[in-house]
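Okay, so here's the structure we're looking at.
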There are 2 protein chains.
Amino acid sequence: MVDMETAMSTEGAGYWYADQENPGGVDVLNALRVYRAAEAEMRRRIRESMNMNETDLMAIRYAMRAHKAGHCISPKDLSRMLNISTASTTGLIDRLVASGHLIRRPHPTDRRSVEIVPTGSADIEVRETLGEMHQRMMEVAESLSPEEALHVTRFLQRMTSAIEKQDTHHHA
Amino acid sequence: MVDMETAMSTEGAGYWYADQENPGGVDVLNALRVYRAAEAEMRRRIRESMNMNETDLMAIRYAMRAHKAGHCISPKDLSRMLNISTASTTGLIDRLVASGHLIRRPHPTDRRSVEIVPTGSADIEVRETLGEMHQRMMEVAESLSPEEALHVTRFLQRMTSAIEKQDTHHHA
DNA sequence: AATAGTATCTAGTTCAGCTAGTTATATACG
DNA sequence: CGTATATAACTAGCTGAACTAGATACTATT
């Protein structure tokens, strides 16, 4: 999906990184926006290369995590995690079983339920598409000096609060 | 939409902000993830409060920007900006005209075309839902010391590069 | 044992994208 | 000038992925 802010700012932006050495508030927000756009684009690329939508990708990755951690997950868990109905989850699992990323098998303890297990090929595919990028991101994060890391996390935390304060007026 | 990383990390995360004073790489990435989740949630809230999807919101904001800048935009411009077909754009404009956010009127120079203009109520609505939040974000950004601002923007720029390097292997 | 609760699945709907094709206008060229 | 081609918006009909409602199978409670 195209990013909101980015789509809106492509025209009328003439002051990007006006002063690289001494960025002001606008420059910081612009950097955040550019980052966000890159991330959105990356997601689009991955979805495309794996031929699936965002929800499907989330489902696979969640299943993989749980599996690796030795947990047993069911469609209900996926539906909770993804915030979609159990009915839609059935459809989602159908798709991912058909594409060979997941398998269904009887739940070990609850005979009403089903266990969802990622296949080896799903694992390989996700690792190949995401692994190197995550590593690069981690390298950047770890290359920060203690002071820089503190500044960055504090900034992100304060931005999070700025966004979370909901003063959204409902007037429908 | 639910955020990818967040959805995946709610289980198995026991070390969040283990050391607030001295964050390491993992803490930085976690802060980034939390920020991303807050942002996604904020978008969901806004879409809900305005009863529209992301594309619609992007379209309105783009129309508003262009209008304020004195530019004249057409459905074709929207379709290019949003990366959707002209047919879908017709549908999108239908929705937004029906909801009273946009109006169609004859294009001043091209008689094949149509001019898209945001209504005053759209302006008020968007300003009310986004204005205060943007102001809070700007306050955070401007409160950074020059050094902090530099650290933050450098970090974001490097993260952007980490994401943009596309090593995505297409093997379909 | 009966009742209530929970998990999954099926059927059918909706919404927002898509493609293909239509009409009206604009532009380019012989 | 007139004809061919290009472009803008729209219409009709399709699809994918969400939804609700309801069926079925099993579990848990009392």
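Quick note on labels: first sequence line is chain A, next is B, and so on, each numbered from 1.
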How about Glu147(B) and His151(A): do any of their side-chain heavy atoms sit closer than 4.5 Å?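 Glu147(B) reaches His151(A) side chain to side chain.
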Decide yes or no for Leu150(A) and Arg154(A): does some side-chain heavy atom of the first lie under 4.5 Å from some side-chain heavy atom of the second? yes
Using a heavy-atom cut-off of under 4.0 Å over every strand shown, decide if Thr89(B) touches base, sugar-phosphate, or nothing.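 It contacts nothing in the nucleic acid.
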If you look at every strand shown and take non-hydrogen atoms under 4.0 Å, does Arg104(A) touch a base, only sugar-phosphate, or nothing? sugar-phosphate
Show the nearest heavy-atom pair for residues Ser74(B) and His107(B), with the distance to one decimal.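 It is CB-CD2, 4.4 Å.
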Quick check on [N]: is either OP1 or OP2 less than 4.0 Å from any side-chain nitrogen or oxygen of [X]?
X	N	answer
Ser88(A)	dA17(D)	no
Arg95(A)	dG16(D)	no
Ser113(B)	dA8(D)	no

Assign each of Asp56(A) and Asp110(A) the nucleotide of DNA chain D bearing its closest heavy atom; nearer the 5' end lies the nucleotide of Asp56(A)
Which comes earlier along DNA chain D counting from the 5' end, the contact point of Met52(A) or that of Ile93(B), where each point is its nearest nucleotide? Ile93(B)
To the nearest Å, give me how far apart [atom1] ([X]) and [atom2] ([N]) are.
X	N	atom1	atom2	result
Leu78(B)	dC10(D)	CG	C1'	15 Å
Asn53(B)	dC19(D)	CG	P	15 Å
Leu92(A)	dG16(D)	CG	C1'	12 Å
Ile84(A)	dG16(D)	CD1	C1'	13 Å
Lys76(A)	dC26(D)	NZ	C1'	15 Å

More 5' along DNA chain C: Arg112(A) or Gly91(A), using each one's nearest nucleotide? Arg112(A)
With Ile93(A), the side-chain contact (heavy atoms from CB on, under 4.5 Å) member among Ile103(A), Ile116(A), Asp56(A): Ile116(A)
Boundaries of the chain B footprint along DNA chain C (any atom under 4.0 Å from a heavy atom):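 Using the under 4.0 Å cut-off, the span is dA16(C) to dA26(C).
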Donor-acceptor contact below 3.5 Å, side chain Glu148(A) vs main chain Ser145(A):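 Side chain of Glu148(A) to backbone of Ser145(A), a donor-acceptor pair under 3.5 Å: yes, one is there.
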Can you list the steps and then say if Leu78(B) with Met58(B) is a side chain to side chain contact (heavy atoms under 4.5 Å, CB included)? CA-CA 9 Å; Leu78(B) 281 181; Met58(B) 277 160 58; over 6 Å; no
Determine whether Glu39(A) and Met42(A) satisfy the following criterion, side chain to side chain contact (heavy atoms under 4.5 Å, CB included), listing intermediate values before the conclusion. CA-CA 5 Å; Glu39(A) 207 191 67; Met42(A) 172 272 289; 3.9 Å; yes
